[in-house]
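Take a look at the structure set out below.
If you read the sequence from its start, that first residue is 1, and numbering goes on from there. Atoms within each ligand, like the ligands themselves, are counted from 1 in listed order.
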Amino acid sequence: MKLDAKIPSGPVQQKWDKHRFELKLVNPANKRKFDVLVVGTGLAGSSAAASLAELGYNVTVLCIQDSPRRAHSIAAQGGINAAKNYPNDGDSVWRLFYDTVKGGDYRSREANVYRLAQVSNNIIDQCVAQGVPFAREYGGQLSNRSFGGAQVSRTFYARGQTGQQLLLGAYGALMRQVGAGKVRLLPRRELLDVVVVDGKARGAVCRNLVTGKVESYAAHAVLLCTGGYGNVFYLSTNAANSNVTATWRAHKKGAFFANPCYTQIHPTCIPVSGDHQSKLTLMSESLRNDGRVWVPKKGGDARSPDQIPDDERDYYLERRYPSFGNLVPRDVASRAAKAACDEGKGVGPSKLAVYLDFRDAIKRLGEQNVREKYGNLFDMYHHITDENPYKVPMRIYPAVHYTMGGLWVDYNLMTTVPGLFCLGEANFSDHGANRLGASALMQGLADGYFVIPATLGGYLASEKLGAVKAEDAAFKEAEARVDAEVKALLAVKGKRTPTEFHRELGLLVWNYCGMGRNEAGLKKALARIPELREEYKKNVNVTGDAGNFNQCLERAGRVGDYIEFAELMVRDALERKESCGGHFREEYQTPDGEAQRDDANFSHVAAWEYAGPGKPEVRNTEPLVFDDVHPSQRSYK
Ligand SMILES: Cc1cc2nc3c(=O)[nH]c(=O)nc-3n(C[C@H](O)[C@H](O)[C@H](O)COP(=O)(O)OP(=O)(O)OC[C@H]3O[C@@H](n4cnc5c(N)ncnc54)[C@H](O)[C@@H]3O)c2cc1C
């Protein structure tokens, strides 16, 4: 199938304005005739739902959590980028655009990235107007700090709780609309199928997670804002509820899945400490503003860090990348940490860790200043490890953190199913093969506050959409299918819990499709995943029943989807015979160990098309054209 990204013509700076002008509008009085279903209440979903209701649409919102405020976005720590150039250090919309295309290793769509940079400044204004308590300078100006892959300070933050504060802003806007009767909020619902009528998305079927009832919701358009799938690896920094179910099931209804192999491994997480851990904890990238990353020069050095003098330490990021130092992008920093540990220089009990050291920052700035900037992150580290990072260096190691892959969307954020839109981390997004720090919050809010209000209107004004009701046959059939799937899971009564399967799958994809991938390993994973899938059908043990709150059942559905999805992720990694960003194929690297792209053969988005049960997925491509930022070997030296 030929993918049409619907990129507007003309210079990149004018595309979005021109497009907004050319999009048809829904008359204000007609907006109340349209029902919109928004799935997810993270930053993307809450901002979209609030903005659409404010415009006059009737919005229904579903989410898994008991409150929209508990969406995974609340965990975001470090900050949100915008090109305000408050520090006067040379930033601009163009520089943010350039850094993001380069940071994504030239695997993102230029037009989308430019729009993202353009609206970044509006996001800050919007959030400030909502009362988001961004950090400020003494004189009242909003403060900025630096994040990886940029040589300017453009990250706005609220201590280490930026996601929480932004989500409270969006939640406030959402609840205003709930109060005004324009948003119907349905928490504790899990979307289990997208309903397509006459080729267009017209609603969804979900399970009420408290009563177990299968329910249908009809709409004129559906927005999936359901977050990323990093938990396919079992251990990740994502919230336990983050999952692939909504996007995977939409995929089976015709939405192409783009670049599923692009996973972000974040360099600064608290290292794994044992077999029974179910979560990993991020230490925000903002810490690399002042923390210095090092390992002992000598492999197997067991001295405590304070006993190792400076000339016996290898500050390897500063040594290898003098221009960007500790603030190289995440993919580069993660691989460098792995390389140091692979050479036997890892520290701590597992030897799979490197130091993030604040000794010099505390000397330079004073402990109080460091506490003011990062206090809650230091406290979190102290609570988890029982080590005081003001006194001893933190120990960190890379962990799965974000997924750049997701449902393929065009410039309007519409998937290959008309009327089905996808926003935030759930879409394949603007980040190419590697996301720069502080740009996920920017993208989620750009999609929700600024892009979808324009593009959804364009769709609704252009289509003839007949009346559809939740009582129609299409919904009843989908309900029956979902009900049968739930009952089938409960009926297996096997010997292994969903968590045991998930842990095995996670380790498999981490080992073979994680920080480094190679053909032999990927083929090994591809051989094992179908076996695991078959075993799951015969041997999973789901306790409890369907008629009430049952987290084992919820997990079972999600793990089943992860097993199916993992096969596509690994196939995508196998087919992409190059290294780019977070996708590091060991066979394709430069002599000094950097990712070696193959622009001649892989400068495209891979968008996978579901072909039916048991049939191999079809790989479609969207060529990437770079008119403004010309691809080169990414260098942070
Ligand atoms: C620890 C941590 C720190 C981070 N820090 C930063 C940072 O400082 N800066 C930055 O830019 N990014 C950061 N990120 C990334 C960023 O937080 C996420 O990418 C972003 O918040 C995702 O927002 P979202 O709205 O797309 O999805 P989410 O916030 O994940 O929300 C998904 C929503 O979908 C709902 N949902 C999911 N599946 C279903 C279903 N089947 N049915 C119904 N509802 C469903 C959930 O209930 C939830 O409401 C961080 C990530 C982590 C893990």
Side-chain angles (χ1 to χ4, degrees), residues 37-49 61-82 123 145 147 155-167 170-171 174 186-194 204-207 209 217 223-231 236-239 241-250 264 266 268-270 279-286 330 377 380 399-404 406 422-427 429 431 435-445 447-448 554 557-558 561:
L37 182 64
V38 177
V39 187
T41 57
L43 285 173
S46 291
S47 59
V61 179
L62 311 176
C63 70
I64 289 176
Q65 288 83 6
D66 56 348
S67 157
R69 278 174 305 162
R70 288 184 199 259
H72 158 70
S73 289
I74 204 142
Q77 299 173 350
I80 175 167
N81 287 332
I123 296 172
R145 58 186 173 199
F147 262 61
T155 304
F156 294 77
Y157 63 100
R159 276 215 183 167
Q161 316 171 335
T162 316
Q164 181 176 353
Q165 299 306 332
L166 292 172
L167 191 58
Y171 169 76
L174 176 68
L186 301 169
R188 289 280 191 220
R189 305 295 200 288
E190 179 164 25
L191 177 145
L192 294 178
D193 207 356
V194 172
V205 166
C206 65
R207 184 168 170 271
L209 299 176
Y217 296 97
L223 274 52
L224 295 184
C225 314
T226 50
Y229 52 81
N231 281 346
S236 87
T237 61
N238 287 194
N241 272 333
S242 299
N243 66 85
V244 80
T245 289
T247 47
W248 185 246
R249 294 190 184 199
Q264 174 159 89
H266 197 297
T268 55
C269 302
I270 299 182
K279 275 269 312 128
L280 293 174
T281 307
L282 174 78
M283 286 288 103
S284 168
E285 179 166 304
S286 59
R330 292 173 180 178
L377 300 171
M380 196 158 77
V400 173
H401 178 64
Y402 181 88
T403 46
M404 282 77 68
C422 189
L423 284 66
E425 190 173 342
N427 71 27
S429 83
H431 311 295
R435 174 175 74 79
L436 291 184
S439 55
L441 303 184
M442 171 172 71
Q443 182 228 332
L445 291 180
D447 288 1
E554 285 173 34
R558 292 175 202 155
D561 289 336

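For atom 51 (C) of ligand 1, the closest non-hydrogen atom of the protein is His401 CE1, 3.2 Å. Of all protein heavy atoms, the one closest to atom 22 (C) of ligand 1 is Glu425 OE1, 3.7 Å. Here the protein heavy atom with the shortest distance to atom 7 (C) of ligand 1 is Gly79 O, 3.7 Å. The single protein non-hydrogen atom nearest to atom 39 (C) of ligand 1 is Ile64 CD1, 3.5 Å, given as residue, atom name and distance. Considering only non-hydrogen protein atoms, atom 6 (C) of ligand 1 sits nearest to Ala76 CB, 3.4 Å. Among all protein heavy atoms, the one lying closest to atom 12 (N) of ligand 1 is Ala440 CB, 3.5 Å. Protein heavy atom at the shortest distance from atom 41 (N) of ligand 1 is Leu191 O, 3.3 Å. At the shortest separation from atom 43 (C) of ligand 1 among protein heavy atoms lies Arg189 O, 3.3 Å.
Looking only at distances, no side-chain donor or acceptor of Asp447 sits under 3.5 Å from a matching main-chain atom of Ala44. Judged by distance alone, with hydrogens and angles left aside, the side-chain atoms of Asn241 form no donor-acceptor pair with the main-chain N or O of Ala239 at under 3.5 Å.
The side-chain heavy atoms of Ile64 and Arg558, taken from C-beta on, include a pair separated by under 4.5 Å. A 4.5 Å side-chain heavy-atom check between Glu285 and His266 finds at least one atom pair inside the cut-off. In this structure, Gln443 and Glu425 have side chains that are not in contact, with every pair of non-hydrogen atoms separated by 4.5 Å or more. In this structure the side chain of Ser242 never reaches within 4.5 angstrom of the side chain of Tyr229, judged on heavy atoms. Side-chain contact between Arg145 and Phe156 is absent, with no heavy-atom pair separated by less than 4.5 Å.
Residue Gln77 has at least one nitrogen or oxygen atom sitting less than 3.5 Å from a nitrogen or oxygen atom of ligand 1, judged on distance alone. Below 3.5 Å of separation, one finds no N or O of Phe147 facing any N or O of ligand 1.
His431 NE2 to Tyr402 OH: the interatomic distance, rounded to the nearest 0.5 Å, is 3.5 Å.
Here Thr237 has heavy atoms under 4.0 Å from ligand 1 in both its backbone and its side chain. Using a 4.0 Å cut-off between heavy atoms, Leu282 contacts ligand 1 through its side chain alone, with no backbone atom that close. Neither the backbone nor the side chain of Met442 has any atom closer than 4.0 Å to an atom of ligand 1 (non-hydrogen atoms only). Looking at Cys225 against ligand 1, only its backbone comes within 4.0 Å, counting heavy atoms. By the criterion of a heavy-atom distance under 4.0 Å, the backbone of Ser439, and not its side chain, is placed next to ligand 1. Residue Asn243 touches ligand 1 through its side chain alone, judged by heavy-atom distances below 4.0 Å.
The heavy atom nearest to atom 15 (C) of ligand 1, considering only Arg207, Arg558, Arg435, is found in Arg435. Proximity annotation for atom 28 (P) of ligand 1: of Ser67, Gly45, Ser73, Ser73 comes nearest, heavy atoms only. Nearest-residue assignment for atom 36 (N) of ligand 1 (options Leu166, Leu167, Thr226; heavy-atom criterion): Thr226.
Within the structure, the closest approach of Thr41 to ligand 1 falls below 4.0 Å when heavy atoms are considered.
No hydrogens or angles considered: a donor-acceptor pair under 3.5 Å links the side chains of Asn231 and Ser236. Side-chain N/O atoms of Gln264 and Arg330 include a donor and acceptor closer than 3.5 Å.
Every residue two or more places apart in sequence or in another chain was checked for a ring-ring contact (aromatic ring centres under 6.0 Å, His included) with His72, and none qualifies.
Residue Arg70 places its CZ atom among 12 or fewer non-hydrogen atoms of other residues, nucleotides or ligands, all under 6.0 Å distant.
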